[in-house]
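Notes follow the structure.
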Amino acid sequence: MKVDYHIHLEEGPYSFSFLEKSLQAIERFEPNKELRHSKDWLYESIEKINRRLAEGELSKWWLDLYLQEALNKGIKEVGIVDHLYRFKETEAYFRRFMDVSSSETGVKQAEWLEKVMVRNLDEFVCFIHSQKEAWKAKGVQLKLGIEADYFVGGEAELKSLLAGYDFDYVIGSVHFHQGWGFDNPQLQEKFREHDLIQLYEGHFETVKMAAKSGLFDFIAHLDNMKVFNHRPNEGSLLGMYTGVAKALVENNVGTEINPGLYYRYPVKEMCPSPQFFDVLVKEGVCFTMSSDSHFPNDLGIYSDQIKTMLMEKGITEIATFEKRKRVMKPL
């Protein structure tokens, strides 16, 4: 069975690249009838983009494109999440732990947060729940999740933010190191200010603390610190990998095979790396499958390869989730 538990409906900032990728996604399902790059093609393209912007990502039309792709690729369970920083209710949490005040990094991150924090959590939760029955009728289980940034010291505040919402699962993720969003392309020059071994040690210690927090059902993209290919010799990381794997097992927290860095970032490698994957398998960590897609045409991307990767390691079950309970199902 193939599943995809890490799917986003939208992600800012709202650049021309966002418009181009949105149009490419729409055209996969609703091809433009006009000659490409003709004036009539442009008019029709503008109509499609106008509909996308007018209806927003929380529309049945947009979500149904994800359903179509799930059916096309044989994905049986689909988990829709959004980044916690997309929701206005979480502003105080992020401003407390992100650097939003320093002269360079802080200014850029404050501007970034303003651009991406555009939604209310209630409307997202209600919309996904409202579509579950329609998906079920088509033979696909729709699940509601959230991808929540973990900050050391923010456990109580995060727990409070998540309370009262009936998520099927909560993904923990680490996108920040001491307030710096290390996967932000505008801030990647800051890697040069760090000793890489110490940087990775700090990252993986944070991942371990996230696993121990009791807040998460699985941790996303464990080694995404490698996003821009700033990485030490991997042999020096093997002990860190083992420490993370043991923390996941001891706290009954899973992880994912996530191809997002492979098809969207310079490092061109999945999370976890092949060596990290071997360590996780050896220690008995449980896995789910994901795409980390932000557009419907990327749902389930590389799912066949990921399934093969797992089966070649002797893994016969995959983690699925419902109402914060993990259910292992045959792969």
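In what follows, every heavy atom counts, from backbone to side chain, and hydrogens, waters and symmetry copies are set aside. Throughout, residue positions are numbered sequentially from 1 according to the sequence presented.
For Lys246 and Glu250, the salt-bridge test fails: no basic side-chain N is under 4.0 Å from an acidic carboxylate O. A salt bridge links Lys2 to Asp304: one of the charged nitrogens lies within less than 4.0 Å of a carboxylate oxygen. Using a 4.0 Å cut-off between a side-chain N of Lys or Arg and a carboxylate O of Asp or Glu, Arg119 and Glu10 do not qualify as a salt bridge. Ion pairing between a basic and an acidic side chain is recognised when a charged N comes within 4.0 Å of a carboxylate O; Glu269 and Arg231 show such pairing. Lys313 and Asp278 are joined by a salt bridge, as a carboxylate oxygen and a charged side-chain nitrogen come within less than 4.0 angstrom of each other.
Using a 4.5 Å cut-off on side-chain heavy atoms (C-beta onward), Gln24 and Phe295 make no contact.
Side-chain N or O atoms of Asn258 include none that pairs as donor or acceptor with a backbone N or O of Cys271 at under 3.5 Å. The main-chain N or O of Phe321 is found under 3.5 Å from a side-chain atom of Lys143 such that the two form a donor-acceptor pair. With hydrogens and angles disregarded, no donor-acceptor distance shorter than 3.5 Å links the side chain of Glu57 to the backbone of Leu9. A donor-acceptor distance shorter than 3.5 angstrom exists from the side chain of Glu89 to the backbone of Leu121, with no hydrogens or angles considered. At distances below 3.5 Å, not a single donor-acceptor pair connects side-chain atoms of Asp4 with backbone N or O atoms of Ile7.
Atom CZ of Phe191 sits in a crowded spot, with more than 12 heavy atoms from other residues, nucleotides or ligands closer than 6.0 Å. In the displayed structure, Arg36 atom CZ is contacted under 6.0 Å by more than 12 heavy atoms of other residues, nucleotides or ligands.
The ring-ring contact (aromatic ring centres under 6.0 Å, His included) search around His203 returns Phe182, not counting sequence neighbours. Applying the ring-ring contact (aromatic ring centres under 6.0 Å, His included) criterion to His129, with sequence neighbours excluded, gives no partner residue. Every residue meeting the ring-ring contact (aromatic ring centres under 6.0 Å, His included) condition with Trp112, not counting sequence neighbours, appears here in chain and number order: Tyr85.
Ring planes of His6 and His221: tilted class, angle from 30 to 60°. Between Tyr241 and Phe276, the ring planes are parallel. Angles under 30° get that label, and only those over 60° would be called perpendicular. Using cut-offs of 30° and 60° on the angle between ring planes, the pair Tyr93 and Phe151 is perpendicular. Using a 30° and 60° split on the angle between ring planes, Tyr169 and Phe218 fall in the parallel class, below 30°. Ring pair Trp41/His37 is perpendicular by interplanar angle, where above 60° counts as perpendicular and below 30° as parallel. Ring geometry, Phe87 versus Phe124: the interplanar angle falls from 30° to 60°, so the pair is classed tilted.
Of the candidates Asp166, Asp168, Asp217, Arg324 forms a salt bridge (Lys or Arg N to Asp or Glu O under 4.0 Å) with just one, namely Asp217.
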